[in-house]
Amino acid sequence: MSTNVADIVDKVVSSSLDPVMERMAAIEERLGKLSAPVMATMNGERQELKVANKQLAEWDGELNQLHERNDDLGLKVQMLEQELKETRRSREANTNSAPTVADFPESADLLNQLKARRKKSRADLADVETLLEMLDSQS
């Protein structure tokens, strides 16, 4: 009789579990159907992420190159600024050491000095004045 009771209990439990098991199987099937598109979407997003990461790595490399170039250009600017300062100092020194407008003696005095040194000189007062004008325009 104990086998009968056990069989009966098995049948009762089995018959009450059958709908639950069927329902679980249906749920698993639905989950399988739902997870396939989700997995496909996730795989697609993973691919997009890989592409985005690759692009980001390329941009990072380009940015590093731009930083290096910027540093090189910054150094070049500093060197050119230094060269400009030196050129300005040099120009100031040249300007300060360059003769200013010469103070020439009067034309007649120069003619007399010329005649004293070169007695046979054919220069006259107009020639000396012209020479002084030429010298004055050059300075």
Side-chain angles (χ1 to χ4, degrees):
M1 194 170 205
S2 63
T3 51
N4 272 343
V5 173
D7 288 337
I8 293 173
V9 170
D10 264 350
K11 284 182 184 178
V12 169
V13 169
S14 175
S15 65
S16 61
L17 284 179
D18 280 343
V20 172
M21 294 301 284
E22 287 173 12
R23 193 162 180 211
M24 281 181 57
I27 290 172
E28 285 177 354
E29 184 179 336
R30 275 196 214 152
L31 282 174
K33 288 178 181 176
L34 290 175
S35 68
V38 169
M39 292 302 288
T41 302
M42 285 177 52
N43 287 337
E45 289 176 356
R46 282 187 184 121
Q47 290 300 325
E48 288 178 23
L49 185 59
K50 284 180 184 179
V51 169
N53 280 337
K54 183 178 178 182
Q55 183 68 47
L56 186 59
E58 290 174 10
W59 288 345
D60 191 43
E62 289 176 17
L63 183 61
N64 286 338
Q65 288 176 348
L66 289 174
H67 280 302
E68 289 173 12
R69 184 173 178 208
N70 188 32
D71 288 343
D72 290 345
L73 290 175
L75 182 60
K76 192 170 189 176
V77 166
Q78 287 177 348
M79 291 170 54
L80 289 172
E81 285 174 344
Q82 183 64 30
E83 187 178 330
L84 178 62
K85 286 178 187 177
E86 290 172 8
T87 302
R88 284 182 177 160
R89 273 190 238 124
S90 176
R91 185 185 310 152
E92 281 180 29
N94 288 342
T95 302
N96 292 339
S97 67
T100 55
V101 175
D103 292 329
F104 296 113
E106 291 295 318
S107 304
D109 292 337
L110 279 176
L111 182 59
N112 289 336
Q113 289 177 20
L114 178 63
K115 295 282 184 175
R117 286 188 188 172
R118 296 195 55 186
K119 301 221 186 265
K120 294 183 180 184
S121 174
R122 294 185 187 147
D124 61 8
L125 188 56
D127 293 334
V128 174
E129 286 174 346
T130 303
L131 283 172
L132 286 175
E133 286 174 10
M134 288 170 52
L135 289 172
D136 199 24
S137 70
Q138 288 180 355
S139 50

Residue pair V128 / S107: nearest heavy atoms and the distance that separates them = CG1-O, 3.5 Å
ask   = Would you call L63 and H67 a side-chain contact if the rule is heavy atoms closer than 4.5 Å?
value = yes
inquiry  = On a heavy-atom basis, which atom in R46 and which in N43 lie closest, and how many Å separate them?
reply    = NH1-OD1, 3.0 Å
task = Rounded to the nearest 0.5 Å, what's the gap from OG1 on T130 to CG on L125? Could you check?
result = 9.5 Å
inquiry  = If we check side-chain contact (heavy atoms from CB on, under 4.5 Å) with L84, which of these qualifies: E86, Q82, R88?
reply    = R88
ask   = What distance separates K115 NZ from Q113 CD, expressed to the nearest 0.5 Å?
value = 13.5 Å
remark   = The reported gap from CG in L80 to CG in L75 (rounded to nearest 0.5 angstrom) is 9.5 Å
Gap between atom CE of M42 and atom CG of L49 - 0.5 Å precision = 11.5 Å
inquiry  = If you compare all heavy atoms of L114 against all heavy atoms of S121, which two are closest, and at what distance to 0.1 Å?
reply    = CD2-OG, 3.5 Å
query = Atom CZ of R89 and atom CD of E92: how far apart are they, to the nearest 0.5 Å?
reply = 9.0 Å
message = Rounded to the nearest 0.5 Å, what separates atom CZ in R69 from atom CD in E62?
response = 12.5 Å
Exceeds 12 heavy-atom contacts within 6.0 angstrom, atom CD of Q55 = yes
ask   = What's the shortest heavy-atom distance between L110 and P105, and which atoms?
value = CD2-CG, 3.9 Å
